[in-house]
Amino acid sequence: RKEVEQDPGPFNVPEGATVAFNCTYSNSASQSFFWYRQDCRKEPKLLMSVYSSGNEDGRFTAQLNRASQYISLLIRDSKLSDSATYLCANSGYALNFGKGTSLLVTP
Amino acid sequence: DVKVTQSSRYLVKRTGEKVFLECVQDMDHENMFWYRQDPGLGLRLIYFSYDVKMKEKGDIPEGYSVSREKKERFSLILESASTNQTSMYLCASRMTGEGVFETQYFGPGTRLLVL
């Protein structure tokens, strides 16, 4: 079983919608979690990090649920430019990445 | 700003050739990583290094080797390239520590095609 699992999507949402992704992890000892954004044919770039219960940055909110071993990413007021693949990761000797969730925001 | 650079954005090689992929970071990070990324398989760790001349196997080291002679530089070597090594190769680096120090910064990637 892969250590970090995500629904691959795609999630197709209209502009202005709110969308949420979940990511489950198997290592209960993980302390740090990350959401990366990856545009087509580009490298992953850090979007948010989560060390306690959650983190918020503008339209983006990440939440950590240790009891159920998942992290979520909420995007409010979706923009066309939010279209990308979102990767979650947890800490280890290297970050363990999920396969990513694809988001397409449509006009 | 952390900067991680990779020697080539695109590379075309023939089966059996020896291939060198270079990665350089300018933030004095102790830890460096090589991943490959394939559709449907996500990012898979090939090798990592936590110090000069130190290396550790990741999840898929077969067919690859690495070299870290200087702190800022981490090279991935395909001793004899095969078509199943056609992929996007991503280098990353990070500091040593927990929490925020575990953030990994990626290079722009090298798209390798082995014919």
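Heavy atoms only: backbone and side chains are in, while hydrogens, waters and symmetry mates are out. Proteins come first, then strands; the chains are lettered A, B, ... in the order of their sequence lines, and each starts at number 1.
- Under the 4.5 Å side-chain criterion, counting only non-hydrogen atoms from C-beta, B:Leu43 is in contact with A:Pro44.
- A:Tyr93 is not listed as a side-chain neighbour of B:Asn31, based on a closest heavy-atom distance of 4.5 Å or more.
- Interface remark: B:Tyr50 contributes no atoms to any contact with chain A (heavy atom separation under 4.5 Å).
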message = Show, in sequence, the C-alpha distance, side-chain angles and deciding distance for A:Arg41 and B:Met88, and conclude whether the side-chain contact (heavy atoms from CB on, under 4.5 Å) test is met.
response = CA-CA 9 Å; A:Arg41 305 179 79 82; B:Met88 166 79 133; 5.8 Å; no
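- No donor-acceptor pair under 3.5 Å is formed between the side chain of B:Glu102 and the backbone N or O of A:Leu95.
- Within the structure, ring-ring contact (aromatic ring centres under 6.0 Å, His included) contacts touching residues 60-86 of chain A (residues at least two apart or in different chains) are A:Phe21-A:Tyr86.
- Heavy atoms of B:Phe106 lying under 4.5 Å from chain A belong to its backbone as well as its side chain.
- Linking Ile, Leu, Val, Met, Phe, Trp and Tyr residues whenever their side-chain heavy atoms come within less than 4.5 Å places A:Leu80 and A:Val19 in a single cluster.
- Qualifying salt bridge (Lys or Arg N to Asp or Glu O under 4.0 Å) partners for B:Arg94, counting only residues two or more places apart in sequence or in other chains: none.
- If you chain together hydrophobic residues whose side chains sit under 4.5 Å apart, B:Leu112 and B:Val12 never meet in one group.
- A continuous path of hydrophobic side-chain contacts links B:Tyr35 to A:Phe34 [ILVMFWY only; heavy atoms under 4.5 Å].
- Taken together through direct or relayed side-chain contacts under 4.5 Å among Ile, Leu, Val, Met, Phe, Trp and Tyr, A:Leu46 and B:Leu45 form part of one hydrophobic cluster.
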Could you list the donor-acceptor pairs under 3.5 angstrom formed between side-chain atoms of residues 97-107 of chain A and any protein atom two or more places apart in sequence or on another chain?
from     : atom 1 : to      : atom 2 : distance (Å)
A:Lys99  : NZ     : B:Gly40 : O      : 3.3
A:Thr101 : OG1    : A:Gln6  : NE2    : 3.3
A:Thr101 : OG1    : A:Asp7  : O      : 2.6
A:Thr106 : OG1    : A:Val13 : O      : 3.3

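- For residues 52-80 of chain B, a heavy-atom distance under 4.5 Å to chain A picks out B:Asp59, given by residue number.
- B:Tyr47 and B:Tyr105 fall into different hydrophobic clusters, where Ile, Leu, Val, Met, Phe, Trp and Tyr residues are linked whenever their side-chain heavy atoms come under 4.5 Å apart, directly or through other members.
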